[in-house]
There are 2 protein chains.
Amino acid sequence: MQVFIDYLQNYIELTKEEASLVSSNIKSRNYLKGQYIVQAGDVCRYQTFIVSGITRTFYLDDNGNEHIITFGIENWWNGDMMSFINQSPADFNIQCLENTQVIQIAYHNIENLFLKVPKMERFFRIIIQSAYANTQKRIIRNYSMNAKERYHLFCEEYPQIVQRVPQYMIASYLGITKEFLSQIRNQSKS
Amino acid sequence: MQVFIDYLQNYIELTKEEASLVSSNIKSRNYLKGQYIVQAGDVCRYQTFIVSGITRTFYLDDNGNEHIITFGIENWWNGDMMSFINQSPADFNIQCLENTQVIQIAYHNIENLFLKVPKMERFFRIIIQSAYANTQKRIIRNYSMNAKERYHLFCEEYPQIVQRVPQYMIASYLGITKEFLSQIRNQSKS
DNA sequence: CAGCTCCAATAAAGTAGTTTAAGAAAGGGG
DNA sequence: CCCCTTTCTTAAACTACTTTATTGGAGCTG
């Protein structure tokens, strides 16, 4: 819990009362490796902040193929935004790749929290705008860079993720086959 | 769906109208190997009937050790009963050990179904009373039999389960270590 | 031809199962 | 009260199996 409050203070300043209001509107929860925070078809009821662990968000297409949309690590937010804001069935699955500890804010608490601690609006605005900017950057990169360049950039930007998830998932994230990723990795060594 | 209606007819006789009322209050769902039907901390929203596949229900203690409460196979019911009746967070995890097809009755439908098809009350009474009797039997056995006897009884009663789940899970169900189970199995051969 | 996919073979790493040996806890017999 | 047996655990080492990663070749496409 305190981890989360500390993290918030990087973005906004909270009085003691505000901090305790925040605390009373959030819940801590532990997931096991392999468990799902959100399953496609369910409604995404929480915005989820990762305290420790790692997640993958993926889409399962009609042929049964998984496409990794994004990973999530310590201090990141996770959730199917579309499902959360409309409280409609989620398209994405969010699965824990390690035992994962999270803080969650429920849909039915979040408006209440905004009302009582308006600074939280500011906080979420900042978070969401940076998430938005990142997806845009990613789309551009997918058009303008080849797989090798995308992989190396990924390694630079998220060395923690590269260490911790299987390569076939990174391949899926980059939009290539695991075999081709293996080739790319090999080229770089020599 | 029909599989389930057929199964019901073993316990109660349904008219066509009643059968279609039942059908309209239940849902079929497929889980992949490894997926969870119920995760500890979630509210158990369904009573789940296994059409095909196999599940384990386990409890995770504070030291991170798993304790298998029960397995579930074809034509069995599954669910965290306490969580379901109180709609409170579940203590147990229910995980599919194979791809598993189920029929589910939602909490918000079940009372409605009882109202419209009172025979279903009878059906659930029978199911639950036999589940209850089984847990009692199990408790008694844990006090009165040693691990070897418990294992052999388990093999006799549930040969289908023994074939299909890893041994370390059977050991956990019996309340012993996998090493000791391995010894027991070995003794029996000679 | 660069940039990739798909398929098949093989290697490496991780998970499950077995074996053995040492030892703790509980109960019974002398 | 001590010794012995039964019942089970812990730890370590080793085998078997499954999943993940690598490699190579053939093939498609702009």
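In what follows, chains are A, B, ... by sequence order, proteins preceding strands, each numbered from 1. This structure is a prediction, so every number in the text was calculated from the model and none was measured.
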Are A/R138 and A/F154 in a cation-pi contact, defined as NZ or CZ under 6.0 Å from the six-membered ring centre and within 45° of the axis? no

Strictly distance-based, threshold 3.5 Å: is any side-chain N or O of B/D80 a donor or acceptor partner for the main-chain N or O of B/D91? yes

So ring pair (Phe, Tyr, Trp, His ring centres under 6.0 Å) across residues 18-58 of chain B, not counting sequence neighbours, yields B/F4-B/F49, B/Y7-B/F49, B/F49-B/W77

So, is [X] close to the [N] phosphate, meaning a side-chain N or O under 4.0 Å from OP1 or OP2?
X      : N      : answer
B/T177 : D/dT9  : yes
A/R185 : D/dA21 : no
B/Q167 : C/dT18 : yes

In plain terms, say whether A/R56 and A/E66 are close enough for a salt bridge, that is, a side-chain N and a carboxylate O under 4.0 Å apart. yes

So which one's nearest nucleotide on DNA chain C is more toward 5', A/K178 or B/K178? A/K178

Which residue, B/F180 or A/I176, contacts DNA chain C at a nucleotide closer to its 5' end, judged by nearest heavy atom? A/I176

What is the distance, rounded to the nearest whole Å, between atom [atom1] of [X] and atom [atom2] of [N]?
X      : N      : atom1 : atom2 : answer
B/E66  : C/dT15 : CD    : P     : 13 Å
B/L181 : D/dT10 : CG    : C1'   : 16 Å
B/I184 : C/dG17 : CD1   : P     : 15 Å
A/Q183 : D/dG25 : CD    : P     : 11 Å
A/L97  : D/dT19 : CG    : C1'   : 15 Å
A/H152 : C/dG3  : NE2   : P     : 12 Å

Nearest nucleotide by nearest heavy atom, which residue falls closer to the 5' end of DNA chain D, B/M145 or B/E179? B/M145

Picking from C/dG3, C/dT15, D/dT7, which would you name as closest to the side chain of A/N146? C/dG3

Among the nucleotides D/dA21, C/dA8, C/dA16, whichever has the atom closest to the side chain of B/Y168 is C/dA16

In terms of relative ring orientation, are B/W76 and B/Y158 parallel, tilted or perpendicular, with 30° and 60° separating the classes? perpendicular

